[in-house]
Amino acid sequence: MKLKTAGREPTCDLVLEDPTVSRVHVKIELADDGHVFLLDADSSNGTFLQRNDGWIRVKRVSLCIGDRIRMGEKEVSLEHLTAVFGKRSKARLGPKHFSLRRRAKQGGLSADWSEPESLLHKPRRNLVTGRIEEDKQ
């Protein structure tokens with residue numbers, strides 16, 4: 001396992017110059033199998049993940065293709081997060097999570113299968129509280 005840091009502190013592996021980012025905001029972990037995890041380092045303004053159309057605050061998360069990450073108000077690309085391990089690392093992201101977009105059709109809701117993102121997915125669980133979160137569409 002390899003561990004890197006991201007934050008405002010010049011000694012961090014990924015330096016982010018934004019007042020909403022803590023000195024050491026997150027730890028970026030590269031597991032032996034190549035998966036990349038993000039661990040909030042008790043930051044003041046939080047670490048947020050957008051995976052299924054809504055931002056949720058996270059303490060620890062495995063990064064997947066298509067995820068969006070925000071530290072405080074600063075959005076950071078997955079490319080920047082994985083680049084801290086170098087080009088020769090075996091860093092890899094988990095499979096993309098697809099959202100189920102629904103639209104009203106005669107008499108009720110049904111999935112619109114013409115959209116590529118309209119595949120079934122697991123319910124979204126808040127990683128801090130452990131509760132299932134409702135779609136706010």
Side-chain angles (χ1 to χ4, degrees):
M1 173 181 72
K2 294 180 182 177
L3 201 61
K4 302 286 184 174
T5 57
R8 275 192 349 256
E9 188 73 32
T11 59
C12 287
D13 300 292
L14 176 60
V15 178
L16 303 167
E17 295 182 17
D18 186 287
T20 64
V21 174
S22 296
R23 281 183 261 150
V24 177
H25 201 98
V26 296
K27 295 177 184 174
I28 310 161
E29 178 184 309
L30 178 62
D32 294 335
D33 64 359
H35 284 96
V36 181
F37 294 88
L38 203 62
L39 298 94
D40 184 84
D42 295 325
S43 62
S44 302
N45 293 315
T47 302
F48 299 87
L49 166 74
Q50 184 184 48
R51 185 170 281 167
N52 287 327
D53 304 324
W55 291 98
I56 58 170
R57 190 170 184 164
V58 294
K59 286 291 185 185
R60 183 177 195 273
V61 66
S62 174
L63 297 180
C64 296
I65 296 168
D67 285 351
R68 291 176 62 195
I69 299 295
R70 203 178 75 214
M71 296 176 206
E73 295 298 320
K74 174 77 172 169
E75 190 166 340
V76 182
S77 71
L78 295 175
E79 291 79 21
H80 282 105
L81 292 170
T82 56
V84 296
F85 296 105
K87 292 185 184 230
R88 292 187 162 210
S89 75
K90 296 187 181 192
R92 63 182 186 161
L93 302 173
K96 180 174 177 65
H97 287 254
F98 294 95
S99 65
L100 179 61
R101 294 191 179 189
R102 296 184 169 266
R103 86 169 63 156
K105 296 211 174 176
Q106 299 170 343
L109 293 176
S110 64
D112 179 7
W113 299 107
S114 64
E115 296 180 18
E117 293 185 340
S118 63
L119 300 176
L120 292 174
H121 70 285
K122 295 180 185 176
R124 183 174 50 224
R125 184 174 300 274
N126 184 309
L127 298 177
V128 175
T129 64
R131 295 188 199 130
I132 299 292
E133 293 191 346
E134 301 285 329
D135 275 339
K136 295 180 170 97
Q137 294 182 354

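Residue indices begin at 1 and follow the sequence shown.
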#### Entry: Working for side-chain contact (heavy atoms from CB on, under 4.5 Å), residues Ser22 and Asn45
CA-CA 7 Å; Ser22 296; Asn45 293 315; 5.7 Å; no
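Between Leu14 and Thr5 the shortest side-chain heavy-atom distance does not fall below 4.5 Å. Looking at heavy atoms from C-beta onward, Phe48 lies out of side-chain contact with Glu75 at the 4.5 angstrom threshold. Contact check for Arg92 versus His35: side-chain heavy atoms found under the 4.5 Å cut-off. Contact annotation: the side chain of Gln50 never approaches that of Arg70 to less than 4.5 Å [non-hydrogen atoms, C-beta and beyond]. Ser43 places none of its side-chain heavy atoms less than 4.5 Å from the side chain of Val26. In this structure the side chain of Ile69 reaches within 4.5 angstrom of the side chain of Leu49, judged on heavy atoms. Between Asp67 and Leu93 the shortest side-chain heavy-atom distance does not fall below 4.5 Å.
Note that CG of Leu38 is 10.0 Å distant from CD of Glu29, once rounded to the nearest 0.5 Å. Between the CZ atom of Arg51 and the CD1 atom of Ile56 there is a distance of 7.5 Å, given to the nearest 0.5 Å. Between Ser44 atom OG and His25 atom NE2 the span is 8.0 Å, to the nearest 0.5 Å. Once rounded to the nearest 0.5 Å, the distance linking NZ of Lys2 with NZ of Lys90 reads 9.5 Å.
Side chain of Thr47 to main chain of Val58: no donor-acceptor pair is present (N/O by atom type, distance under 3.5 Å, no hydrogens or angles).
Pairs engaging residues 14-23 under the salt bridge (Lys or Arg N to Asp or Glu O under 4.0 Å) rule: none recorded [sequence neighbours left out]. The list of salt bridge (Lys or Arg N to Asp or Glu O under 4.0 Å) pairs with a residue in residues 30-41, not counting sequence neighbours, reads Asp40-Lys59.
Val15 and Val21 sit in two unconnected hydrophobic clusters of ILVMFWY residues. Membership requires side-chain heavy atoms under 4.5 Å apart, directly or through other members. Using a 4.5 Å cut-off between side-chain heavy atoms of Ile, Leu, Val, Met, Phe, Trp and Tyr, with links allowed through other members, Leu39 and Leu16 fall into different hydrophobic clusters. In terms of hydrophobic clustering, with Ile, Leu, Val, Met, Phe, Trp and Tyr side chains grouped at heavy-atom distances under 4.5 Å, Met71 and Leu3 are assigned to different clusters.
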For residues 81-88, which side-chain N or O atoms pair as donor and acceptor with protein atoms under 3.5 Å away, sequence neighbours left out?
residue: Thr82; atom: OG1; partner: Leu78; partner atom: O; Å: 3.0
residue: Thr82; atom: OG1; partner: Glu79; partner atom: O; Å: 3.3

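Taking all atoms of both residues into account, the shortest heavy-atom contact from Ala91 to Leu30 is CA-CD1, 3.6 Å.
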